[in-house]
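Report on the following structure.
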2 protein chains.
Amino acid sequence: MTGYRRPPCLARAGDVRDGARSVITGGYAYAVTTVPDQDRFIAQLAFTLEIDKLKRIIRRNTLVDGSRRENDAEHSWHLAMMALVFGEYAPPGTDLRRVGLMLLVHDLVEIDAGDTFVYDSTAVADQTARERAAADRIFGLLPKDQEVELRGLWEEFEERATPEARFARALDRLAPMLANFHTEGGTWALYKVTAGQVMEKVELIREGSPTLGDYAAELVDTAVARGHLAP
Amino acid sequence: MTGYRRPPCLARAGDVRDGARSVITGGYAYAVTTVPDQDRFIAQLAFTLEIDKLKRIIRRNTLVDGSRRENDAEHSWHLAMMALVFGEYAPPGTDLRRVGLMLLVHDLVEIDAGDTFVYDSTAVADQTARERAAADRIFGLLPKDQEVELRGLWEEFEERATPEARFARALDRLAPMLANFHTEGGTWALYKVTAGQVMEKVELIREGSPTLGDYAAELVDTAVARGHLAP
């Protein structure tokens with residue numbers, strides 16, 4: 001077993017030391033001495049710690065077993081996995097790496113803006129302004145080059161102008177349908193959502209992937225037939 | 001608003017319909033008619049639903065705010081984000097896409113094998129056998145080509161023989177240190193972990209990334225100096 005050796009460059013106690021940077025960002029105190037570009041590293045750390053909050057943003061839908069509501073971080077993980085598993089149903093030539101990256105960052109703005117339920121038309125109305133302000137703050141924690149890169153992924157996802165963004169959005173819409181379908185209607189019943197409303201989302205899925213769109217339509221039909229979704 | 005239109009290919013009610021496949025896998029019932037290769041799609045669906053269980057595998061460490069323990073799915077998401085943010089600290093030429101994919105799948109075996117606390121030497125002893133059996137079952141839900149691909153990512157991560165695997169492992173070890181550091185010792189205090197034990201993990205981080213290893217050593221030293229980690 002390796003014993004603990006105090007690095008000789010560091011003093012014996014206390015936080016502020018010769019050569020150390022004592023920096024406070026977003027409530028976190030760093031003392032960083034060892035990296036080549038300290039300001040850059042501190043910005044990256046601040047972002048990494050800040051996005052931990054995505055684990056506390058609770059969505060409307062539940063886990064597939066219905067045991068509790070899902071949070072945005074685990075949802076984002078599941079979508080990135082779905083991009084890996086269902087990638088062959090994207091249009092030929094779709095850059096699946098970019099789809100995966102978009103899905104990892106697509107909900108970060110909800111740390112400030114909150115989860116907007118897709119069937120809540122009042123909340124949807126000012127969603128864009130709230131999320132844009134959130135993007136300014138959250139991606140703005142990063143070094144400029146990374147802010148541009150990650151914010152670019154989020155904006156591409158939002159604009160749905162590329163095959164990558166449309167496929168990512170399709171998975172984002174399909175995932176809660178799978179959870180609802182396998183929990184006898186789940187949030188559909190709870191929030192009195194109708195098949196007509198769900199079919200609007202199915203059209204978004206179809207825009208990203210005709211195959212997954214057809215499958216989602218079939219899920220809706222089966223849920224209606226089983227009495228788990230109002231016609 | 002798009003009205004709900006029942007697809008003409010589907011019957012009016014009930015689950016078993018002309019031309020529909022009624023298939024039950026892992027407790028889930030599918031009725032899939034619309035995809036080109038139904039067996040393949042059903043296998044992909046079964047895997048997608050099964051891995052939802054990763055959201056219920058609870059780790060020892062907490063969120064960065066200490067509010068609750070972290071689950072494996074949100075942990076995996078955070079690591080994939082860290083690969084994106086800290087990628088420049090991997091050795092030159094490291095394939096960061098592969099690092100990200102490894103991090104997405106690296107804990108799936110814990111659905112069956114459970115989370116093994118890195119400082120629990122008894123549990124660590126038979127971890128390999130338990131996790132290998134889990135990999136057989138969970139990756140085995142996928143179509144063969146995807147089983148080989150995703151299991152290959154997991155095995156590469158476990159073997160730590162490539163720069164990608166060593167960097168992925170470095171992030172996997174750094175993340176709980178960040179959470180512990182920012183919760184005044186967190187699980188270090190709770191499970192009476194010492195700085196010497198943490199420094200063994202710091203060496204694993206250094207193998208993947210000298211820069212992140214140096215930073216982790218500094219975190220340990222600062223935690224000891226603050227009295228949040230036993231020397």
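Order of the sequence lines sets the chain letters (A, B, ...), proteins ahead of strands, with each chain counted from 1.
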Separation between OG1 of Thr211(A) and CZ of Arg206(A), rounded to the nearest 0.5 Å =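 It is 10.0 Å, given to the nearest 0.5 Å.
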
message = Testing the 3.5 Å rule here: is there a donor-acceptor pair between the side chains of Thr187(B) and Asn61(B)?
response = no

Could you check if a side-chain atom of [X] sits within less than 4.5 angstrom of a side-chain atom of [Y], using non-hydrogen atoms only?
X: Pro176(A); Y: Arg59(A); result: yes
X: Phe181(B); Y: Leu229(B); result: no
X: His78(A); Y: Met82(A); result: yes
X: Asp52(B); Y: His182(A); result: no
X: Phe86(A); Y: Leu45(B); result: yes

task = May I ask you to name which of Leu108(A), Leu104(A), Leu212(A), Leu101(A) has the most heavy-atom pairs under 4.5 Å with chain B?
result = Leu104(A)

task = For chain B, find which of Leu142(A), Val198(A), Leu63(A) contributes the most heavy-atom pairs closer than 4.5 angstrom.
result = Leu63(A)

ask   = With a 6.0 Å cut-off on ring centres, are Tyr89(A) and Phe41(B) close enough?
value =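 For Tyr89(A) and Phe41(B), the ring centres are under 6.0 Å apart.
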
request  = Tell me the residues of residues 143-153 of chain B whose non-hydrogen atoms fall below 4.5 Å from those of chain A, in number order.
outcome  = Gln146(B), Glu149(B), Leu150(B)

For chain A, the option from Val105(B), Leu219(B), Leu54(B) that forms the most heavy-atom pairs under 4.5 Å =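 Highest number of pairs under 4.5 Å: Leu54(B).
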
query = Checking Asp72(A) against chain B: side chain, backbone, both or neither under 4.5 Å from a heavy atom?
reply = neither

